[in-house]
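This is the structure I want to talk about, given as structure tokens.
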Amino acid sequence: MKRRKWLWIFVTIVIILTLALIVIGLLFGKDEKEKQNGLSGDFDISKQGTIAYVHYLQGKPEIHLYNPEQSLKMKALELENDQIIVDPSFSNDGSTLVYIAANKDSDEKLASTVYQYDLEKKEVKELFSVQSAITEIEFSPTGTSLFYLQAEVFKNYSPIASKRPHDFDLHEYRFADKKQMKQTNLKKYSMESLTIAQDGKSVFVQMPDDEDVNTAEGSFESFQRIFQIPLDQPTNLKVVSNPERKNDIYDFTVVPNKNEFIFQSVSNPDTGETFQYELYTYNAETKEEKQLTNLKEYTEGPEIAPGNKIYFMVDKRFGQRNSDYHLYQMNLDGTNITEIPLPNDK
């Protein structure tokens with residue numbers, strides 16, 4: 001009888017401890033969502049000089065608009081703290097902003113929703129949603145469609161790697177008929193830094209140069225390069241960055257009216273120290289490459305702004321638990337690097 005009594009006491013204690021852990025877990029999870037504060041690395045600059053940037057306040061993602069020349073300083077919108085905002089992107093005329101919203105807690109069943117924000121009316125409209133990961137989005141030069149990168153799976157290809165979106169392809173959404181179209185069938189391990197050519201006839205992306213690789217493991221041996229994909233013949237893609245470069249290329253942008261790219265890459269790959277990410281320029285005609293920044297930090301997301309200025313983000317806590325992003329600008333030749341203070345950037 002005593003044995004049964006002690007068994008019931010033990011079961012009761014286990015149940016109480018389990019419930020306590022569940023409650024603590026829920027409270028901890030809520031606290032974690034509310035801990036995210038400050039700038040993210042996601043921003044864009046319109047041709048009119050307006051900066052759209054993502055700021056988190058107690059875990060809630062917000063989009064802010066800032067243009068000191070037009071005395072514009074406002075919070076455009078905010079979402080709940082269980083969501084993230086990715087890749088705000090302006091239309092060419094600067095009247096519209098699109099962005100991607102997704103859940104912070106990703107699992108095997110991904111979902112992404114694309115929204116449109118009208119700067120004049122200050123209205124938000126949902127454009128479309130998919131049960132997948134949309135990571136980047138850009139307007140076509142005519143403003144009649146959107147191009148975006150979409151992943152089909154979310155998994156880890158290595159036992160030591162975390163789960164990430166994979167099997168990327170280029171897609172298009174047409175405003176006229178609200179139709180979504182898949183433009184490529186590449187199923188790339190990764191695909192980033194979507195940029196639309198000025199004439200609208202091709203797109204540029206950064207992805208692994210792995211045409212001859214047949215296994216997921218082999219992708220780790222290939223280099224990340226810049227590719228151009230013609231929209232009328234998307235299978236005829238080609239490398240437009242230096243095909244002989246032995247270091248990966250990451251974020252990049254195309255310099256208007258020039259066959260030139262501004263890109264991010266590791267500046268100290270062979271030192272054995274913590275990687276430092278700097279910005280470089282590469283001229284595809286002269287084959288010349290030049291390092292533009294030497295901040296010895298994590299420099300990312302170059303964008304060409306009015307006046308041929310390069311805007312970019314610097315994470316001063318790269319590799320730590322919480323990021324600390326700051327917005328900078330410089331000339332095309334890398335001179336006059338200055339920080340741009342943003343409202344609510346802390």
Just by modelled atom types, is the Tyr325 backbone N or O under 3.5 Å from a matching donor or acceptor in the Ser323 side chain? no
Between the side chains of Tyr311 and Gln329, is a donor N or O closer than 3.5 angstrom to an acceptor N or O? yes
Take the angle between the ring planes of Tyr298 and Phe318 and call it parallel below 30°, perpendicular above 60°, tilted in between. parallel
Is it true that a side-chain atom of Lys296 and a backbone atom of Gln276 form a donor plus acceptor pair closer than 3.5 Å? no
Pair Lys287, Asn242 - check side-chain hydrogen bond (donor to acceptor under 3.5 Å, both in side chains), show working. CA-CA 7 Å; Lys287 313 300 182 186; Asn242 183 357; over 6 Å; no
Check Pro341 against Tyr66 and note the closest heavy-atom contact, atom names and distance. O-CE2, 3.9 Å
Would you say Asn268's side chain and Thr271's backbone share a donor-acceptor pair under 3.5 angstrom? no
What I want to check is whether the side chains of Thr113 and Glu126 have a donor and an acceptor closer together than 3.5 Å. no
Heavy-atom pair with the smallest gap, counting every atom of Ser267 and Gln291: CB-NE2, 4.3 Å
Are any side-chain N or O atoms of Lys290 and backbone N or O atoms of Asp333, one a donor and one an acceptor, separated by less than 3.5 Å? yes
Verify, without hydrogens or angle tests, whether Asp169 (side chain) and Asn185 (backbone) share a donor-acceptor contact under 3.5 angstrom. yes
Checking the side chain of Glu278 only, and the main-chain atoms of Leu292 only, is there a donor and an acceptor separated by less than 3.5 Å? no
Would you find more than 12 non-hydrogen atoms of other residues, nucleotides or ligands less than 6.0 Å from Glu69 atom CD? no
Can you classify the ring geometry of His64 versus Tyr53 as parallel (below 30°), tilted (30 to 60°) or perpendicular (above 60°)? parallel
Taking Ser129 for its side chain and Ser112 for its backbone only, find out whether a donor-acceptor pair lies under 3.5 Å. yes
Take atom NZ of Lys182 as the centre, draw a 6.0 Å sphere, and report whether it contains more than 12 heavy atoms from other residues, nucleotides or ligands. yes
Aromatic rings Tyr148 and Phe128: how do their planes relate, parallel, tilted or perpendicular, breaks at 30° and 60°? tilted
Does the side chain of Leu327 come within less than 4.5 Å of Met313's, by heavy atoms? yes
If you count heavy atoms of other groups shown closer than 6.0 angstrom to NZ of Lys316, is the number above 12? yes
Short side-chain to backbone donor-acceptor contact, Asp118 and Glu123, under 3.5 Å: no
Quick one: closest heavy-atom pair of Gln150 and Ile134, and the distance? OE1-CG1, 4.2 Å
Sub-4.5 Å side-chain heavy-atom contact between Ile310 and Asn331: no
Membership question, hydrophobic clusters at under 4.5 Å side-chain separation (ILVMFWY): are Phe252 and Leu332 in the same one? no
State whether the side chain of Asn283 and the backbone N or O of Glu260 hold a donor-acceptor pair below 3.5 Å, judged by distance alone. no
Please tell me whether Val239 and Ile226 are part of a single hydrophobic cluster in this structure, the criterion being side-chain heavy atoms less than 4.5 Å apart. no
Student check: side-chain heavy atoms of Tyr56 and Asn81 closer than 4.5 Å: no
If you define the side chain from C-beta out and look only at heavy atoms, does anything of Phe139 sit under 4.5 Å from Leu146? yes
Evaluate the side-chain proximity of Thr135 to Phe168: yes if any heavy-atom separation is below 4.5 Å, no if none is. yes
Hey, is the main chain of Ala52 close enough, under 3.5 Å, to the side chain of Asp44 for a donor-acceptor pair? no
Polar side chain donor-acceptor pair, Glu300 to Gln264, under 3.5 angstrom: no
Hey, does Phe312 have a side-chain heavy atom less than 4.5 Å from the side chain of Leu295? yes
So, Thr96 and Gln116: side-chain donor and acceptor under 3.5 Å apart, yes or no? no
Would you say that Phe147 contacts Ile196 through its side chain, given a criterion of any heavy-atom pair below 4.5 Å between the two side chains? yes
Measure from NZ or CZ of Arg245 to the centre of the six-membered ring of Tyr280, then state whether that distance is under 6.0 Å and the direction lies within 45° of the axis. yes
